[in-house]
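Worth knowing before you read on, the calculation uses all heavy atoms, side chains too, and leaves out hydrogens, waters and symmetry mates. Quick caveat, the model's predicted, so the values are computed rather than measured.
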Amino acid sequence: MVTVQTFQMGDSEAQILAALEQDGVVIIEKAIDPDLCQTVVDGLRPHFDHDGRDTMNEFNGFTTLRISAIPARVPESAPLFTHPLTLAAADRFLRPNCMNYTLGSTTAIEIWPGENAQLLHRDAHCYHFEIPGVELQISALWALTDFTAENGPTCVVPGSHRWPLGREAGPDDPVAEAVMPAGSLLLYLGNTFHGGGANRSDKPRIALVNTLVLGWLRQEENLFLTVPRAVAETLPQELQHLLGYRSHGLVGWYPEDPTAKSEDDIPPIIKLGDPCPDYRSS
């Protein structure tokens, strides 16, 4: 049976990133405190109950609740979006092809009993183009409750990020289940096939997942609208930058941008695959 390589907090960051590069997916168990998990779950509950059914369809499921705009709905979730391992993975896989990266989307997902397995898919396909050897985005999925083999764990196809462009996942491809305790982090690349599992238990399971994308791409979720500026101003600066409140060189500048660079500071040509300087403020 194929499995996902699993690490613990405190294990070598280099080994974790090497496993992510090799398989396109990796688990880091208990990466945040259980109390923070519960705080985020409690904050999500009224939004799940009020808005969670709005996006039900064949792809998302008809027994699955989904909500977006998580930084605005649950500001206490901020440490999940800026977790050091998530940013280290983004630095490794995105920064060679951009000056900085942003959040692409923020989604909380509650899979209820009776839900079927989701179609295996690549998150990067939302952009409708591919560049050989370039990851457009990565994903960070947090298990806010225990993920068991029965309650709909995320299913992944290790190694699928290396498949030729255009290849789809088929019934004979080996699928691994991301079984992990609450507080664990599942990192996977944008070209890794994955999907929510079937919930055959009698309880729901909850995840919070966000993508990080190349800074020159349009964000999947319009975070300037889903997270009002008045709310964004109350969030930690690092999260503000990930929301998009910083320029990408001369692209996306605005008068109050403290990270803006003069034209003299920007390399004249950025070639895909070349390492880029770190413009992220300390």
Inset, instruction - Indicate yes or no for a side-chain donor-acceptor contact from Asp35 to the backbone of Thr39 under 3.5 Å, with no hydrogens or angles considered. - result: no
Inset, instruction - Grab the two heavy atoms, one from Thr148 and one from Val179, that are nearest each other, plus how far apart they are. - result: C-CG2, 4.0 Å
Legend entry - Asn191 backbone acceptor or donor facing Trp163 side chain under 3.5 Å: no
Legend entry - CG on Asp42 to SG on Cys37, rounded to 0.5 Å: 11.0 Å
Legend entry - Asn100 side chain vs Ser247 backbone, donor-acceptor pair below 3.5 Å: yes
Legend entry - Nearest non-hydrogen partners of Leu185 and Leu85, listed with the distance: CD2-CB, 4.3 Å
Inset, instruction - Examine distances only and state if a side-chain atom of Thr192 and a backbone atom of Gly24 form a donor-acceptor pair shorter than 3.5 Å. - result: yes
Inset, instruction - Provide the closest heavy-atom pair for Glu220 versus Cys126 in the form atom of the first, atom of the second, distance. - result: OE1-SG, 4.0 Å
Legend entry - Atom pair CD1/CG of Ile28 and Leu20 - distance to nearest 0.5 Å: 8.0 Å
Inset, instruction - Say whether, by atom type as modelled, one donor and one acceptor occur between the side chain of Thr6 and the main chain of Val4 under 3.5 angstrom. - result: yes
Legend entry - Ser139 and Asp123 side chains, donor-acceptor separation under 3.5 Å: yes
Legend entry - Distance-only donor-acceptor check, side chains Glu221 and Thr226, under 3.5 Å: yes
Legend entry - Sidechain-backbone polar pair: Glu115 side chain, Thr63 backbone, donor-acceptor under 3.5 Å: yes
Inset, instruction - Report the distance from atom OG1 of Thr82 to atom CD of Gln240, rounding to the nearest 0.5 Å. - result: 11.5 Å
Legend entry - Closest non-hydrogen atom pair, Arg205 against Thr145: CA-OG1, 3.4 Å
Inset, instruction - Give a yes or no on whether the backbone of Ala178 and the side-chain of Thr154 come within a donor-acceptor separation of less than 3.5 Å. - result: no
Inset, instruction - Any chance you could lay out the side-chain hydrogen bond (donor to acceptor under 3.5 Å, both in side chains) test for Asp23 and Tyr188, step after step, and finish with the verdict? - result: CA-CA 9 Å; Asp23 295 342; Tyr188 54 94; over 6 Å; no
Legend entry - Separation of His50 NE2 from Arg73 CZ (nearest 0.5 Å): 9.5 Å
Legend entry - Ser160 (side chain) donor-acceptor with Phe193 (main chain) under 3.5 angstrom: yes
Legend entry - Electrostatic pair Arg45:Glu110 at N-O distance under 4.0 angstrom: yes
Legend entry - Asp173 side-chain N/O to Gly170 backbone N/O, donor-acceptor pair under 3.5 Å: yes
Inset, instruction - Measure across Met9 and Lys30 and return the closest heavy-atom pair with its distance rounded to 0.1 Å. - result: CG-O, 3.7 Å
Legend entry - Geometric class of the His121/His194 ring pair [parallel <30°, tilted 30-60°, perpendicular >60°]: tilted
Legend entry - From Glu177 atom CD to Glu150 atom CD, the distance as rounded to the nearest 0.5 Å: 8.5 Å
Legend entry - For Pro113 against Ser201, the heavy-atom pair lying closest together: CB-O, 3.2 Å
Legend entry - Heavy atoms from other residues, nucleotides or ligands near CD of Glu58 exceed 12 (cutoff 6.0 Å): no
Inset, instruction - Quick one: pull up CZ in Arg53 and OG1 in Thr64 and give me the separation to the nearest 0.5 Å. - result: 11.0 Å
Inset, instruction - Count the heavy atoms of every other residue, nucleotide or ligand shown that sit under 6.0 Å from CZ of Arg162, and state whether that count exceeds 12. - result: yes
